[in-house]
Amino acid sequence: MEFPQQQKPAGDGKIVYPPGVKEITDKISNDEVVKRLKMVVKTYMDMDQDSEEEKQQYLGLALHLASEFFLRNPNKDVRLLVACCLADIFRIYAPEAPYTSHDKLKDIFLFITRQLKGLEDTKSPQFNRYFYLLENLAWVKSYNICFELEDCNEIFIQLFKTLFSVINNSHNQKVQMHMMDLMSSIIMEGDGVTQELLDTILINLIPAHKNLNKQAYDLAKTLLKRTVQTIETCIANFFNQVLVMGKSSVSDLSEHVFDLIQELFAIDPMLLTSVMPQLEFKLKSNDGEERLAVVRLLAKLFGAKDSELASQNRPLWQCFLGRFNDIHVPVRLECVKFASHCLMNHPDLARDLTEYLKVRSHDPEEAIRHDVIVTIINAGKKDLNLVNDQLLGFVRERTLDKRWRVRKEAMMGLAQLYKKYCLHHEAGKESAVKISWIKDKLLHIYYQNSIDDKLLVEKIFAQYMVPHSLDTEEKMKCLYYLYACLDTNAVKALNEMWKCQNMLRGLVKELLDLHKLPVSEANNNAMFGKLMNIAKNLPDAGKAQDFMKKFNQVLGEDEKLRVQLEMLISPTCSCKQAEICVREITRKLTFPKQPTNPFLEMVKFLLERIAPVHIDSEAISALVKLLNKSIEGTADDDEEGVTPDTAIRSGLELLKVLSFTHPTAFHSAETYESLLQCLKMEDDKVAEAAIQIFRNTGQKIETELQQIRSTLIPILHQKAKRGTPHQAKQAVHCIHAIFNNKEVQLAQIFEPLSRSLNADVPEQLITPLVSLGHISMLAPDQFASPMKSIVANFIVKDLLMNDRSVGNKNGKLWTTDEEVSPEVLAKVQAIKLLVRWLLGMKNNQSKSANSTLRLLSAMLVSEGDLTEQKKISKSDMSRLRLAAGGAIMKLAQEPCYHDIITPEQFQLCGLVINDECYQVRQIFAQKLHLALVKLLLPLEYLAVFALCAKDPVKERRAHARQCLLKNISVRREYIKQNPLAQEKLVSLLPEYVVPYMIHLLAHDPDFTKPHEYEQLKDIKECLWFMLEVLMTKNENNSHAFLRKMVENIKQTKDAQCPDDAKANEKLYIVCDVALFVIANKSTACHLESPKDPVLPSKFFLIQDKDFKNDKEYLLAEMRQMLLTGKPKPAPVLGAVNKPLTVPGRRIFTKTTTASDTASNTSTNSSPLSSSSINKNSNSNAGTESSESRAQENNENPVIKNDEGKKEESSQNATPDAATEASPVKRRGRPPKTAAAPVAAEKEGAAAPTGGGTGRGRKRAADNSSAESINIKMSKQQQQQNDEGTKRQIDLQR
């Protein structure tokens, strides 16, 4: 065997063995070799570096042990013992090894490395020797010798791979420590770490490897931590190659770079000091998928619990935040998902995230908006302090999102927060106050049109706001204080919710009643109608109809199911009983083999809506007890955040609402005793609510609760005589509803009140007038006749026709209820009494209605000052105008009175919507809408909304448009749902409003010059205001029908004044404008009309067949102006050719008042006149800005326009108040030519606050007086006045 001549051994080159060790050759057996090697190992173990003699003596043996015989020996034990010897040799001869050949050193270290694999089995008998080998190598740092070798990297890679592969959970800390020392010394003392060596470390951090060998991961992690200063440069170089230069071939780990960065960051952020800027570069990559990968990585880095990356690397953080606005949807989605962890782990970053989440909450992608909500809600559920008010505000906004999925998530999220922090008080009162708005917001959503929203609100209310799973007392306490804390709109929504549920219970009851009748076609049709109505109250109307038909079929076949359903909707059904019924019905409809059953889900929706899960007799008793405690002062009112007075008032309001929906639950002596106590309280609202509860629920008091009856009657009498007006009304209705001898009871109230009427003490008149009016309406047979003399002698002659007191002359058009004079309040109640008296009689045999209508018309013509003595203040006149207009509208709801209302009276009533007082317009429009939407008023009154196009206030126009949309929708739906409605189309079809609108506009007092552009433009705006809504869809060729209708009107005469050529001409001009608008809006209007329209004979006089009106009343030039706007004035240079004026004649320039400009700023202006809109954009902008600031009439920037002409016009227009107003003498809004600056010029000063033109306009003045005021002004004067107006506007802003 040849040995390399490394160092020459002592003596003659003979190998010296330790004492007792014979020569080791390949001639002896393996066992003998092992035996002899053990002795050698022992010798080397005992030697140290100072044994120079022994080192020289055994040098030959050291060289011999490195021979091929030992290094390639097949025996494992031999190899292990040789490795131990070699390790000791390196220790003894350090720092110089006895082997100088590089190849030999490489072979030796590769050999030793291979032996280290034996460390894997800790239970092996040889493990201690393996451990000794490792310990020796680590302690001496033997592998550092390899740094001198050219291919040392191969040795190190093999070593690292070996150590990472053998380590396992059976190794103790010492093994790990020696491995660590061995590897860290190589990294820290070498010239650098090659990529291949780095890969052997990093590969253990990849998730797949990490999961296979946790100990290798931990070893790599510890190694990197220890060598961070050295290895960071190598890591940076690796990531630079892959991330920046795109050299993925430099390493097999290139595809795992982002996983590695995440792991390295978790180990020690210092490892990535130079890598982070490279990530900023990657965030701006053009490749969306690449940006997504970087965003995912950084989301984990920034969001990690103890990460300080955002504060340490602000540029990277800001760059990352920029990805919230990335064009790539998955990137934005990933950013939003990250925000949740970030908010939870780093509350300090909430401010940075808020602005970006705000933008994403309006993202066009539904999924992103949805995840923004999830992000905020999850953080809020963990800790409410993690989300600021702004973030919660984003969720609040999304409750009105256009997508159901987003709305649902937002609503459910808020509900969960409310239950956790407000109901269970998991974070104290401060947190509960922070989100106290949630309850109101959730209930406000009930106003939305979508049935899905309504159903979800009901579900939230039953599960989160007042959980039905609570016991009755807790549940009612929850409801009692919730109701007390809700805002007005939320209370209305909750009331509406109970009302809808009650209505649906009624529909189901009617359906069940139909099942009890014999089968017939009529019965089937009736059932079908009920089913359609029920389906409208369930989600997905199309499927709901099919499922309800199926449910109805099941009901018909299963009598037990019908019994359960009847029990569920029974007024006596308790909450516990309701749960059992729902469970039984659900069980009967469940099919085990069907995993999803949409039919059952739909039935569950129905059951959830009709089941009484909150209110029953026990619940009402619990509420009454809570009310009693509040009255006694023993309740927890203050702890719940409400005052005792508020708790009592709201508690009674709650009971009042429930008395409508659950009247049977109130029938107990205990409940009524408590209500009697409330009647005796000083709070007027409390007593009023208590009376109303008696009225709604007391039908059995007379027969079953005599003691309650005897106590109640005198209280009701007292309230009817001396209570507040509202109490008096409720007391009279209560007596009428619950007592059998109501005639006697009402007479006992009527007679003393009728005798005690005294107009000199108006303060004491209001309650008696209310009581008398309601008594005469409820019992007309008994009291109509005695009321006639009261009406004639006292109401009209003594009260309405006399002005006893002088009103406040402060110039305001409206004041609060408290500031209205008692005399005017009495007059308003007197007008209402007249209406109630007539509505009770429901006939006009005595012609009382004609007289009343003449009186009301006179009041409107006189602007509220019936006597025209100028004693009444402007604000009181506004009240009386409103009362008169409302009275005519109320009488029109009764067919017998509608027939006798003349067109002039209808026009006067309609013009109230253009009243100069904002509040009059507002309240009148609301009353008009409510009556129309309930189909109580005839269709012609819908035409009144067309006049709202002239309203100068944007909000009023918008409100009117919404009213139109709602009314038209209701009428179309009614026609669809009721087959019999086809016979009454003339009174129901919305398109039939057009003739009334045309007639009304033709008689508009502002329409004095039918060929003037400004007036025609106003007419066009009014027509378009209505037609735009009507012509949204061309259903059944309705556009052609409208055209045909207007053409037919042109072939008639004005029935109001058929012989007046000017009136007929105005009617035809309005028709031409209407045809112009229709033709420009629709290309389908020229098709053949499906049916011939019917015109109302009351307004249009049908002419003979020979009569043919084919004249074009609208000039071509005027058509062009209406389409494109008025041409701009000629430029200055054009003045060279201006015509000469006649000497002594002034050139008249038409003045435009503030109201004129404002009346043309409709939000619904026709698209036909786009250029005219642009032309007037400056003046419109000024008008809108002034509108937004105007809150009350006395705050409006106005010019005095009525005082200067009052004397002049009053002489020509003072109708006799007792007689019917002549149409010629009618007064009201001044024509637009009577401009404000004229009056200002006369008076020399601006009007007092509260003048007319700021909010609205006066109603029509007498034409002759209007023309006399049409003063011509020079252009210079007009400009001066206009400047004065602008200055005043600026000052009042």
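Remark: Arg961 engages Glu1028 in a salt bridge, criterion side-chain N to carboxylate O under 4.0 Å. Ionic pairing of Asp363 and Arg360 is present here: one or more N-O contacts between side-chain nitrogen and carboxylate oxygen are shorter than 4.0 angstrom.
Inter-residue side-chain proximity for Asn385 and Pro347 is flagged as unmet; no heavy-atom pair is nearer than 4.5 Å. Considering only heavy atoms from C-beta on, Ile615 stays 4.5 Å or farther from Thr661 through its side chain. By the 4.5 Å heavy-atom criterion applied to side chains, Gln448 and Val457 are not counted as neighbours. The shortest distance between side-chain heavy atoms of Glu409 and Val395 does not fall below 4.5 Å. Counting heavy atoms from C-beta on, the side chains of Tyr446 and Cys500 come closer than 4.5 Å. At least one side-chain heavy atom of Phe1025 sits less than 4.5 Å from a side-chain heavy atom of Leu964. Residues Glu365 and Leu333 are not in side-chain contact: their nearest non-hydrogen atoms beyond the backbone lie 4.5 Å or more apart. Here the side chains of Leu392 and Leu417 are in contact, with some heavy-atom distance below 4.5 Å.
Summarising the geometry of Cys335 relative to Val295, their closest heavy-atom pair is SG-CG1, 3.8 Å, with the distance given to 0.1 Å. Closest approach of Ala493 and Tyr447 over heavy atoms only: N-OH, 3.6 Å. When all heavy atoms of Leu386 and Leu343 are compared, the closest pair comes out as CD2-O, 3.5 Å. Contact record, Ala960 with Phe945: CB-CD2, 4.0 Å, taken as the closest heavy-atom pair. Closest heavy-atom contact between Leu1030 and Arg972: O-NH2, 3.7 Å. Closest approach of Cys478 and Leu423 over heavy atoms only: SG-CD1, 3.3 Å.
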Candidate pair His444 and Thr399, rule side chain to side chain contact (heavy atoms under 4.5 Å, CB included), full reasoning: CA-CA 10 Å; His444 290 171; Thr399 57; over 6 Å; no
From CA spacing to verdict: side chain to side chain contact (heavy atoms under 4.5 Å, CB included), Lys475, Val466: CA-CA 6 Å; Lys475 188 164 54 180; Val466 185; 3.7 Å; yes
Side chain to side chain contact (heavy atoms under 4.5 Å, CB included) between Asn537 and Met503, worked out: CA-CA 10 Å; Asn537 291 280; Met503 179 269 295; 3.6 Å; yes
Residue pair Tyr480, Val642: steps toward the side chain to side chain contact (heavy atoms under 4.5 Å, CB included) verdict: CA-CA 11 Å; Tyr480 184 78; Val642 293; over 6 Å; no
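Judged as a side chain to side chain donor-acceptor pair (under 3.5 Å), the pairs with a partner in residues 412-435 (not counting sequence neighbours) are, in order, Lys381-Gln416. Sequence neighbours left out, the pairs with a member in residues 382-398 that pass salt bridge (Lys or Arg N to Asp or Glu O under 4.0 Å) are Arg398-Asp401. For residues 439-452, the set of pairs meeting the salt bridge (Lys or Arg N to Asp or Glu O under 4.0 Å) definition, not counting sequence neighbours, is empty.
Applying the 6.0 Å contact sphere to CG of Asn211 captures more than 12 heavy atoms from other residues, nucleotides or ligands. In this structure, Arg403 places its CZ atom where only 12 or fewer heavy-atom neighbours from other residues, nucleotides or ligands lie under 6.0 Å away. Heavy-atom neighbours of Lys536 NZ from other residues, nucleotides or ligands within 6.0 Å: above the threshold of 12.
Of the possible polar contacts, one joining the Thr354 side chain to the Ala350 backbone as a donor-acceptor pair under 3.5 Å is found. Checking side-chain atoms of Asn967 against main-chain N and O of Cys963 turns up a donor-acceptor pair under 3.5 Å. At distances below 3.5 Å, at least one donor-acceptor pair connects side-chain atoms of His346 with backbone N or O atoms of Phe302. Formation of a donor-acceptor pair under 3.5 Å by the Thr586 side chain with backbone atoms of Val582 is found in this model. Arg957 contributes no side-chain N or O that, together with a main-chain N or O of Cys948, makes up a donor-acceptor pair within less than 3.5 Å. Side-chain atoms of Arg609 do not come within 3.5 Å of backbone N or O of Gln501 as any donor-acceptor pair. Put simply, the side chain of Asn388 gets close to the backbone of Leu391: a donor and an acceptor are under 3.5 Å apart. Remark: side-chain polar atoms of Thr1032 are paired, donor with acceptor, to backbone N or O of Val1029 under 3.5 angstrom.
Gln463 meets the side-chain contact (heavy atoms from CB on, under 4.5 Å) test with Lys459, His468; sequence neighbours excluded. The salt bridge (charged side-chain N to carboxylate O under 4.0 Å, His left out) test applied to Arg314 returns Asp352, not counting sequence neighbours. Residues passing the salt bridge (charged side-chain N to carboxylate O under 4.0 Å, His left out) test with Glu290, sequence neighbours excluded: Lys282.
With rounding to the nearest 0.5 Å, the separation of CZ in Phe461 from CH2 in Trp498 is 5.0 Å. To the nearest 0.5 angstrom, Arg296 atom CZ is 11.0 Å from Phe258 atom CZ. Atom CG of Leu443 is separated from atom CG of Asp487 by 8.5 Å, given to the nearest 0.5 angstrom. Within the model, atoms CZ of Arg291 and NZ of Lys284 stand 12.5 Å from one another, a figure rounded to the nearest 0.5 Å. Taking CD1 of Ile460 as the start and CG of Asp453 as the end, the distance is 9.5 Å to the nearest 0.5 Å. The CD1 atom of Ile368 sits 14.0 Å away from the NE2 atom of His362 when rounded to the nearest 0.5 Å.
In the model, Tyr483 has a side-chain atom that pairs as donor or acceptor with a side-chain atom of Asn495 under 3.5 Å.
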